[in-house]
Amino acid sequence: MAKGDRNSGWTGFFRAFTVLCAIILLLAQRYLDLTAPGAGARQVLSVCEGLTLWTVPALFLLWGMFSLEEGKPQVSASLLGLALPALGTLVFWGVVYAIASQLLEGGALTWSGVWDALASAVRGDTYHHLRILYPLIGLYLVHPVVHRFVSSASRGELRYFLGLCFLFAYALPLLPGIFGRFSFAASLLMQLDVHLVLGWVGCYVGGWYLRHFEISRIAEYLLYILGVLGLVLSVANPYSALSFRQDTSLPAALTAAALCALFRYVLGVSEERSRRRAVSQIGDCAFGVYLIHPLWLLVLQRLGVSPLSLSPALSIPLFAVVLFVLSLPFAWLISLIPGIGTKLV
């Protein structure tokens, strides 16, 4: 348990909620292109997308808070215990979805088709929801270095590092859109050529920080205010000159961090042991639900069932809950496979 982390059930609760909202995001993005521009359904889907963009940085917060808190810094342990299983998960589910899509479309299963699916997964030509595993594998490759840093760094040094991530990965890229293409800050960013604090490493370390340390009440409230502001900006007009409709944007990261704090300090789990155990088990299987749910979506589409047949404002959240519930027992069963189960989900 992390320092001051008395609410031990909040991580499973947060992980399950994040995956549920990530399913809503994927559904909204999937059906946006199938609706006519200007239609009411498209506007609803756009709002659903904006409200759930935070789930992508939240997943990296969660991966960081567990891998850096409980993992080992040795290179061999990181490669064999983190990076290699993540690659195996990517390849396995890439092949599964390629085969499932072919079979549900009436095609035949052949060895050449399986090999093509395997090669496509390795190249990155795979199902949309699996692409998040590529940057995760990249983080796992540098995990030994990051782990050594967070385990020995002072709180001030961690704040300095997270501040650099905030500045270079989120704040400075916004300046060209605000002040013009050739702003001084944008030019300086290009010339400094700093890559260590770019990408998802800020979320990876930030998740560990939010779990490992307690933040002050003032910082907590400030984070909530920034999170609400981030949510508003994420939902704002995606066609404006300065659009935040990206999961790598600053508003999405702020909302993810705010919700992480909200679940830790406010939305706790009952002290009753069986309830905490149930929430923890659901949280443990949540990413498996994320990996499995498109299979059910393929089956429902084969049966002619689509969220667009109802009002998206009701059908998208309803479909997300149904897909989550249908996928959960299968994620749990796969996790019970000796040796490899927990690596696949």
Would you check if [X] and [Y] make a side-chain contact, meaning some heavy-atom pair closer than 4.5 Å?
X      : Y      : answer
Val44  : Ser311 : no
Tyr265 : Glu220 : yes
Val289 : Phe330 : no
Thr18  : Leu259 : no
Leu229 : Leu254 : no
Glu214 : Arg264 : yes
His212 : Met65  : no
Leu141 : Leu79  : yes

Might you point out which heavy atoms bring [X] and [Y] nearest each other, and give the distance in Å?
X      : Y      : result
Ile316 : Leu27  : O-CD1, 3.8 Å
Leu62  : Thr11  : CD2-O, 4.3 Å
Leu233 : Pro251 : CB-CG, 3.9 Å
Leu223 : Ala261 : CD2-CB, 3.9 Å
Ala320 : Ile24  : CB-CG1, 3.4 Å
Ala331 : Gly288 : CB-C, 3.8 Å

Connected via hydrophobic side-chain network under 4.5 Å: [X] and [Y]:
X      : Y      : result
Phe60  : Val142 : yes
Tyr134 : Trp200 : yes
Leu80  : Leu68  : no
Val150 : Phe213 : yes
Val194 : Leu167 : yes

Candidate list Ile132, Val95, Ile137, test side-chain contact (heavy atoms from CB on, under 4.5 Å), partner Leu90, passing option: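 It is Ile137, the one option of Ile132, Val95, Ile137 that forms the side-chain contact (heavy atoms from CB on, under 4.5 Å) with Leu90.
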
To the closest 0.5 Å, what do you measure between [atom1] ([X]) and [atom2] ([Y])?
X      : Y      : atom1 : atom2 : result
Leu326 : Leu295 : CG    : CG    : 11.5 Å
Lys343 : Leu82  : NZ    : CG    : 9.0 Å
Ser78  : His147 : OG    : NE2   : 7.5 Å
Leu344 : Ile334 : CG    : CD1   : 7.0 Å
Phe166 : Leu164 : CZ    : CG    : 11.5 Å
His293 : Ile23  : NE2   : CD1   : 5.0 Å

Can a donor-acceptor pair be found, under 3.5 Å and without considering hydrogens, that links the side chain of [X] to the backbone of [Y]?
X      : Y      : value
Ser249 : Gln246 : yes
Thr255 : Gly227 : yes
Ser46  : Gln43  : no
Thr55  : Thr52  : yes

Donor + acceptor pair across side chains of Arg42, Tyr31 (<3.5 Å):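 There is no such pair between these side chains.
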
Short side-chain donor-acceptor distance under 3.5 Å, Tyr209 and Arg159: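 Tyr209 and Arg159 do have a side-chain donor-acceptor pair below 3.5 Å.
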
Criterion side-chain contact (heavy atoms from CB on, under 4.5 Å) on Val266 and Leu262, from CA distance to verdict: CA-CA 5 Å; Val266 180; Leu262 182 69; 3.8 Å; yes

Describe, in one word, how the ring planes of [X] and [Y] are oriented to each other, choosing from parallel (under 30°), tilted (30 to 60°) and perpendicular (over 60°).
X      : Y      : result
Tyr140 : Tyr204 : perpendicular
Trp63  : Phe287 : perpendicular
Tyr127 : His129 : perpendicular

Full working for ring pair (Phe, Tyr, Trp, His ring centres under 6.0 Å) between Trp296 and Phe319: CA-CA 10 Å; Trp296 285 107; Phe319 260 66; over 10 Å; no

Trp93 ring center within less than 6.0 Å of Tyr290 ring center: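 Distance test on ring centres: not under 6.0 Å, no.
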
Six-ring centre of Phe66, Arg15 cation under 6.0 angstrom, axis tolerance 45°: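 The answer is yes; both the distance and angle limits are met.
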
Verdict with reasoning, Trp208 to Ser67, per side-chain contact (heavy atoms from CB on, under 4.5 Å): CA-CA 8 Å; Trp208 178 86; Ser67 297; over 6 Å; no

Crowded around [X] [atom1]? As in, over 12 foreign heavy atoms under 6.0 Å?
X      : atom1 : value
Arg155 : CZ    : yes
Tyr224 : OH    : yes
Leu336 : CG    : yes

Stepwise side-chain contact (heavy atoms from CB on, under 4.5 Å) check, Leu51 with Leu25: CA-CA 8 Å; Leu51 288 173; Leu25 172 64; over 6 Å; no

Working for side-chain contact (heavy atoms from CB on, under 4.5 Å), residues Val299 and Arg302: CA-CA 5 Å; Val299 173; Arg302 180 67 175 175; 5.5 Å; no

